[in-house]
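The block underneath contains the structure these notes are about, expressed in structure tokens.
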Amino acid sequence: MKDLDLGVEYVIPSLGYRNVREQHNQDERKESQDFKYQKAKPQHVDCLDALEAAARAEGLPLDISVHSNLKILDEGHHKGKYHHGRNLLKPFRITSKHQHPVDNAGLFSFMTFSWLTPMARLAYKKGELFFEDVWPLSKHESSDVNSKRLEKLWLEEVTEKGADESSLRSVVWNFCRTRLIISIMCLMLTQLAGFIGPAFVVKSLLEYTQQSSTDLVYSLLLVFALLMTEIVRSWSLALTWALNYRTGSRLRGAVLTMAFKKILKLKNIKEKSLGELINVCSSDGQRMFEAAAVGSLLAGGPIVAILGMIYNVMILGPTGFLGSAVFILFYPAMMFVSRLTAYFRRKCVSVTDERVQKMNEILNYIKFIKMYAWVKAFSQNVQKIRENERKILERAGYFQSITVGIAPIVVVIASVLTFSVHMMLGYDLNAAQAFTVVTVFNSMTFALKVTPFSVKSLSEASVSMDRFKQLPSTV
């Protein structure tokens, strides 16, 4: 103490600083020892941000997981952007280098979800699962990794088009583009397999049953072909769902992390209420997940409608247009319902934000409300807002239920209309033609059943993206 000059300010290094310095000295000694055996290498300077440097100087614990996932992903950059995706195309993989089993899975394990078998077996044995029984999060689903990638795409969009003209929809599409294209291709394979089975294999089976002669080999080949078309249809559909769910989880984590970062940097929320910010982070993030998980299923409808129309015309003649027209006219009706759904969604969101804001005010000032006996007045106000919100949700539910209820009976309407007009015009109709047309109509019902949900999820996600973009940016 007597050697210290009181007129000079000293910085006492903390434990974290000493550990970093000791590690740095050890690295220097190791490099000097290896210098005689190796050629001289250029020195690399690691640039740390001010916050991390301050944390090291103060001896604060550092969370290295923030950068670890990015470093792990950067290890494979020299192998290509889609190195991990190409490994997934391998039919079978025997590896355990990744911390999550889904990253070690091959194509068959991924699309059949067999990588979940150990977890299901453990749940069956124990009867329940605890937090320590669940695998760590995959690095590819990390919100930090995906949010940084989404932020990079957003900055490129803003730089190219400006803050006002930039579109969050195009950024989200670029974020999910490759996986959604592969998912749509798998969906096309599903629709083709579901169409080929009834259109050709079932028709051949029906024609074979009407023949007097028998051919065992031919009949077994038809049965095997029908089995293979069903296997391809089910497995490709399972692969579509597996891709969509992973894409949705990545998109939801990236968007919510960007929103959290943006909100945490705000000094004031301007015209946005606290309830609206809570609603954005809670419900709108789920809307993004649903859009990525279900929205791509809308692409399979037009393909099946066109194939079904061409095939029915080839089988029945001009009357085949009637049944296909019923299916085709159903899609404009879905687009009309989607516009109504988006309208009710925007209207309901504003009412929900008002209700959440009112409840936050009541909870913050509950003592004053109790003191001045304003409980009844505030409860009536909240009840009025909730009643308005309920009416809007009921109207949206009515339109949604109409579309969901009409979809299953479209097949019946199309079949009755087609066969009635076909017979009234004097055309012949045998059993093979009738059953083939009905099975083709049934294969087209999947696209009709998922269309209302796809349209609803895409319309709601469009409103959510507008709300995410409108978050205040003043820092």
Side-chain angles (χ1 to χ4, degrees), residues 187-188 190-212 219 222-223 225-226 229-230 233-234 237 297-341 397-456:
L187 181 64
M188 296 300 178
T190 301
Q191 300 294 346
L192 288 175
F195 175 79
I196 290 173
F200 299 100
V201 182
V202 173
K203 182 175 180 296
S204 301
L205 279 172
L206 293 173
E207 292 176 350
Y208 175 75
T209 56
Q210 295 177 354
Q211 297 177 0
S212 58
S219 60
L222 289 177
V223 173
L226 185 61
T229 55
E230 287 300 313
R233 185 190 64 83
S234 60
L237 182 60
L297 301 179
L298 186 64
I303 300 297
V304 176
I306 294 173
L307 292 176
M309 181 178 63
I310 296 174
Y311 185 80
N312 290 333
V313 172
M314 292 174 58
I315 296 296
L316 299 177
T319 56
F321 283 108
L322 294 176
S324 301
V326 175
F327 283 89
I328 294 175
L329 291 176
F330 187 75
Y331 289 97
M334 291 296 98
M335 300 306 296
F336 175 72
V337 172
S338 69
R339 296 180 68 88
L340 289 177
T341 304
Y398 289 150
F399 285 99
Q400 186 68 23
S401 62
I402 289 173
T403 58
V404 174
I406 290 177
I409 65 174
V410 171
V411 178
V412 179
I413 297 174
S415 302
V416 171
L417 182 62
T418 301
F419 295 150
S420 299
V421 175
H422 187 80
M423 298 297 294
M424 289 173 60
L425 294 177
Y427 293 105
D428 294 331
L429 182 67
N430 54 38
Q433 292 176 338
F435 281 103
T436 301
V437 171
V438 172
T439 52
V440 169
F441 284 156
N442 286 326
S443 67
M444 298 166 64
T445 55
F446 174 77
L448 288 177
K449 291 179 181 179
V450 300
T451 295
F453 301 102
S454 300
V455 171
K456 176 177 177 293

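All values derive from a computational prediction rather than experimental measurement. The first residue in the sequence is number 1, and the count goes up from there.
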Exercise. Check the pair V313 / F321 against side chain to side chain contact (heavy atoms under 4.5 Å, CB included), numbers first and verdict last.
Key: CA-CA 6 Å; V313 172; F321 283 108; 3.6 Å; yes

Quiz item: Are any non-hydrogen side-chain atoms of L192 and L307 less than 4.5 angstrom apart?
Solution: yes

Quiz item: With a cut-off of 6.0 Å (strictly less than), are more than 12 heavy atoms of other residues, nucleotides or ligands near OH of Y208?
Solution: yes

Exercise. For the pair T418 (side chain) and S415 (backbone), establish whether a donor and an acceptor sit closer than 3.5 Å, ignoring hydrogens and angles.
Key: no

Exercise. Would you name the heavy atoms of H422 and D428 that are closest together and state the gap between them?
Key: NE2-O, 2.9 Å

Quiz item: Can you check whether F435 reaches V202 side chain to side chain, under 4.5 Å on heavy atoms?
Solution: no

Quiz item: When you measure from the side chain of T229 to the backbone N and O of L226, does any donor-acceptor pair fall under 3.5 Å?
Solution: yes

Quiz item: For the residue pair L429 and A434, what are the closest heavy atoms and their distance?
Solution: CD1-N, 4.1 Å

Quiz item: What closest approach, in Å, do A414 and G323 show between heavy atoms, and which atom pair accounts for it?
Solution: CB-O, 3.6 Å

Quiz item: What are the two closest non-hydrogen atoms of G194 and R233, and how far apart are they?
Solution: CA-CD, 3.7 Å

Quiz item: Once the angle between the rings of F200 and F195 is folded into 0 to 90°, is it parallel (under 30°), tilted (30 to 60°) or perpendicular (over 60°)?
Solution: perpendicular

Quiz prompt | Derivation of the side chain to side chain contact (heavy atoms under 4.5 Å, CB included) call for V411 and V326 | solution = CA-CA 9 Å; V411 178; V326 175; over 6 Å; no

Quiz item: Considering the options T319, V437, L322, which one meets the side-chain contact (heavy atoms from CB on, under 4.5 Å) requirement together with F419?
Solution: V437

Quiz item: Do you know which two heavy atoms are closest between P198 and T436, and how far apart they sit?
Solution: O-CG2, 3.8 Å

